[in-house]
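Below is one structure, written out as structure tokens; comments come after it.
Residue numbers run from 1 in the order of the sequence given.
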Amino acid sequence: MTQLIFDLPTRAARDREAFFVSPANADALAAVDLWAGWSQGRLALVGPEQSGKTHLAQVWAGDLGARVLEAEALTEALVPELAEAALVLENADAAVPGHPAREAALFHLLNAMTEARRPILVTARRAPARWEVGLPDLASRLGAMQVAQIHAPDDALLSALLVKLFDDRQLAVPPELIPFLVTRMERSAREAAALVARLDAEALAAKKSLTPAFAKRILGW
């Protein structure tokens with residue numbers, strides 16, 4: 001008999017203690033921590049989807065009491081209020097390029113933050129110099145923006161990410177499961193999240209413990 005599954009929300013740990021440092025993200029962490037020295041008070045935190053950009057940005061926001069705004073919500077009317085404090089602008093390359101109103105709003109926001117001497121941390125998958133924006137003045141500012149890169153996860157970071165993802169779901173797994181998954185899975189944070197979600201659902205439905213043998217049977221490895 002199969003158990004019913006409810007898609008319950010998980011609570012991701014976003015504090016500094018939960019941010020695992022490895023060669024894949026150490027330089028980015030160092031750059032974020034040196035915010036007082038950012039060129040013009042701006043930094044673009046760049047990396048693959050689910051690579052830890054939001055986690056690191058929220059650590060920084062917590063340290064400085066910064067506001068956090070999804071770029072798709074950015075409007076020119078918000079600029080004066082946003083420039084009153086440090087700011088994290090999330091997922092900017094997905095929301096700004098190709099949207100004239102948001103491009104104009106970001107241009108004015110960068111100017112306002114510089115004038116107010118407030119730091120701004122922008123998260124994106126691509127470096128700002130590669131964004132295809134139609135506003136020349138914005139393109140110039142983006143091209144000059146300092147960039148911190150989070151790279152694809154190495155073994156240590158991927159292992160820590162899997163542990164964190166299981167822990168976020170309050171799942172206790174045997175230690176041997178982590179290296180079993182790391183040596184066989186696609187090496188990306190996105191795949192790690194999908195893998196943990198699938199194993200959680202399958203184990204719950206089958207009323208089985210999460211073991212390498214169970215994972216091998218479910219994933220067809």
Spacing of CG belonging to L181 relative to CZ belonging to F166, to within rounding of 0.5 Å: 5.5 Å

Separation of L171 CG from D200 CG (nearest 0.5 Å): 4.5 Å

Side-chain donor or acceptor of R118 paired with backbone N/O of L87 under 3.5 Å: no

Heavy atoms of other groups near W35 CH2, more than 12 under 6.0 Å: no

Hydrophobic cluster membership, F180 vs V196, 4.5 Å side-chain cutoff: yes

Residue of the set I178, D167, V163, L162 for which side chain to side chain contact (heavy atoms under 4.5 Å, CB included) holds with V173: I178

CG (D33) with more than 12 external heavy atoms under 6.0 Å: yes

Under 3.5 Å: donor-acceptor pair, side chain of S209, backbone of T211: no

R187, CZ atom: more than 12 neighbouring heavy atoms under 6.0 Å: yes

Linked, directly or transitively: L195 and V182 (ILVMFWY side chains, under 4.5 Å): yes

Pair N25-F19, side-chain contact (heavy atoms from CB on, under 4.5 Å): steps then yes or no: CA-CA 10 Å; N25 60 26; F19 188 81; 3.6 Å; yes

Non-hydrogen side-chain atoms of V79 and N111 separated by less than 4.5 Å: no

Distance in Å, L78 CG paired with H108 NE2, rounded so as to fall on 0.5 Å steps: 13.5 Å

Hydrophobic cluster identity match, L121 and I150, side-chain contacts under 4.5 Å: yes

Side-chain heavy atoms of K216 within contact of R184, under 4.5 Å: no

Flag, side chain of E103 to backbone of P97, donor-acceptor distance under 3.5 Å: no

pair V122-P128: side-chain heavy atoms closer than 4.5 Å: no

Side-chain heavy-atom pair L110, L138 within 4.5 angstrom cut-off: yes

Donor-acceptor contact present, side-chain Q146 to main-chain W38, <3.5 Å: no

Non-hydrogen atoms of A92 and A71 that approach each other most closely: CA-CB, 3.6 Å

Heavy-atom side-chain contact between V133 and L106 under 4.5 Å: no

Close side-chain approach of E90 to V88, heavy-atom, < 4.5 Å: yes

hydrophobic_cluster_shared for L158 and F20, side chain cutoff 4.5 Å: no

Side-chain donor-acceptor contact under 3.5 Å, E70 with N91: yes

Over 12 foreign heavy atoms within 6.0 Å of CD, E132: no

Any side-chain heavy-atom pair of M145 and Q40 under 4.5 Å: no

OG1-CZ distance between T75 and R102, expressed to the nearest 0.5 angstrom: 10.0 Å

Gap between atom CG of L210 and atom CG of L204 - 0.5 Å precision: 10.0 Å

Side-chain (R198) to main-chain (I218) donor-acceptor, under 3.5 angstrom: yes

Any donor-acceptor pair under 3.5 Å from D93 side chain to A124 backbone: no

Note, L109 side chain near I120 side chain (heavy atom, < 4.5 Å): yes

Distance in Å, L199 CG paired with L165 CG, rounded so as to fall on 0.5 Å steps: 11.0 Å

V21-L161 co-clustered via ILVMFWY side chain contacts under 4.5 Å: no

Residue pairs passing the salt bridge (Lys or Arg N to Asp or Glu O under 4.0 Å) test where at least one lies in residues 39-53, sequence neighbours excluded: E49-R190

